[in-house]
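The following block contains the structure, expressed as structure tokens.
This one's a predicted model, so the numbers in the text were calculated from it and none came from an experiment.
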Amino acid sequence: MTGGSAIEKGPRGNRLRPFVWGAAACLLLLPAVAMQWFPASEVNWTALDFIAMGVLLAILCGLYELGAWMSDNIAYRAGFGLAALTGFLTIWVNLAVGMLGDEDGTINLVFAGVLFIATAGALIAGLRPRGMALAMLAAAIAQLAAVGVALAMGGYDARELTFTAMFGLPWLASAALFREAAADARGLPGAC
């Protein structure tokens with residue numbers, strides 16, 4: 001890297017592109033296959049469901065492309081991809097069944113705040129690895145705080161709370177990957 005910039009500019013290879021976009025297309029086709037050949041599965045998606053999932057998958061793949069374009073650093077790319085995937089899964093779970101309770105539960109709106117913290121933090125950081133590490137750490141803390149609020153409110157199953165708290169782990173892993181990318185950018189092992 002030249003000029004001390006935390007984000008490398010220049011030509012980048014993206015060997016995973018066909019696999020990422022292909023996996024997204026296959027994931028979008030799964031409900032159609034289930035509805036056509038496995039009616040006992042009780043999958044019943046409407047055109048709106050396919051459109052919504054298509055938009056979410058396109059956003060996820062677009063974020064993957066952005067992360068791959070921003071840096072050649074493997075830790076940065078992995079951190080970016082993991083953060084995007086965690087955000088996608090948060091939205092998907094909330095729309096499908098709800099993180100806590102059912103999908104109509106107002107407590108699930110709290111997780112939009114977690115996504116806002118991750119997104120706003122990333123934008124404030126200018127997508128630079130050190131700031132991204134802090135933004136993903138803040139998202140992990142917000143995820144756990146949401147579980148704490150739900151625990152204080154009561155009425156949620158321990159398995160639900162545990163599963164929802166575990167969503168903090170990929171945010172933390174993403175933060176660790178960005179921290180590693182920041183250290184690599186400076187040439188100082190483990191520094192952030």
Give the table of side-chain donor-acceptor pairs shorter than 3.5 Å for residues 87-101, with sequence neighbours excluded, one pair per line with atom names and distance.
residue: Thr90; atom: OG1; partner: Thr86; partner atom: O; Å: 2.8
residue: Asn94; atom: OD1; partner: Met99; partner atom: N; Å: 3.1

Contacts of type side chain to side chain donor-acceptor pair (under 3.5 Å), residue Trp21, not counting sequence neighbours
Glu65
Set of ring-ring contact (aromatic ring centres under 6.0 Å, His included) partners for Phe163, sequence neighbours left out:
Phe167
Please check: side-chain N/O of Thr164 versus main-chain N/O of Glu160, any donor-acceptor pairing under 3.5 Å?
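Checking the backbone N and O of Glu160 against the side chain of Thr164, a donor-acceptor pair under 3.5 Å is found.
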Report yes if the side chains of Phe80 and Leu66 come closer than 4.5 Å at any heavy-atom pair, otherwise no.
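In contact.
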Sidechain-backbone polar pair: Arg130 side chain, Ala182 backbone, donor-acceptor under 3.5 Å
no
Please tell me if the side chains of Phe111 and Gln143 come closer than 4.5 Å, counting only heavy atoms from C-beta onward.
yes
Rounded to the nearest 0.5 Å, what's the gap from CE on Met53 to CG on Leu30? Could you check?
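Here the interatomic distance stands at 9.5 Å.
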Would you please name every residue forming a side chain to side chain donor-acceptor pair (under 3.5 Å) with Tyr156, sequence neighbours left out?
none
If you group Ile, Leu, Val, Met, Phe, Trp and Tyr whenever their side-chain heavy atoms sit less than 4.5 Å apart, what else falls in with Leu82?
Leu177
Scan residues 37-47 for pairs that pass side-chain hydrogen bond (donor to acceptor under 3.5 Å, both in side chains), counting only residues two or more places apart or in two chains.
Thr46-Asp49
Does Met35 CE have over 12 foreign heavy atoms under 6.0 Å away?
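Enclosed.
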Flag side-chain contact, heavy atom, 4.5 Å: Leu137 against Arg179
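Not in contact.
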Linking I/L/V/M/F/W/Y whenever their side-chain heavy atoms sit closer than 4.5 Å, directly or via other members, would Leu28 and Val55 fall into one cluster?
yes
Inspect the surroundings of CZ in Phe116 and state if more than 12 heavy atoms from other residues, nucleotides or ligands are less than 6.0 Å away.
no
Report whether Ile117 and Met136 are members of the same hydrophobic cluster (ILVMFWY, side-chain heavy atoms less than 4.5 Å apart, transitive linking).
no
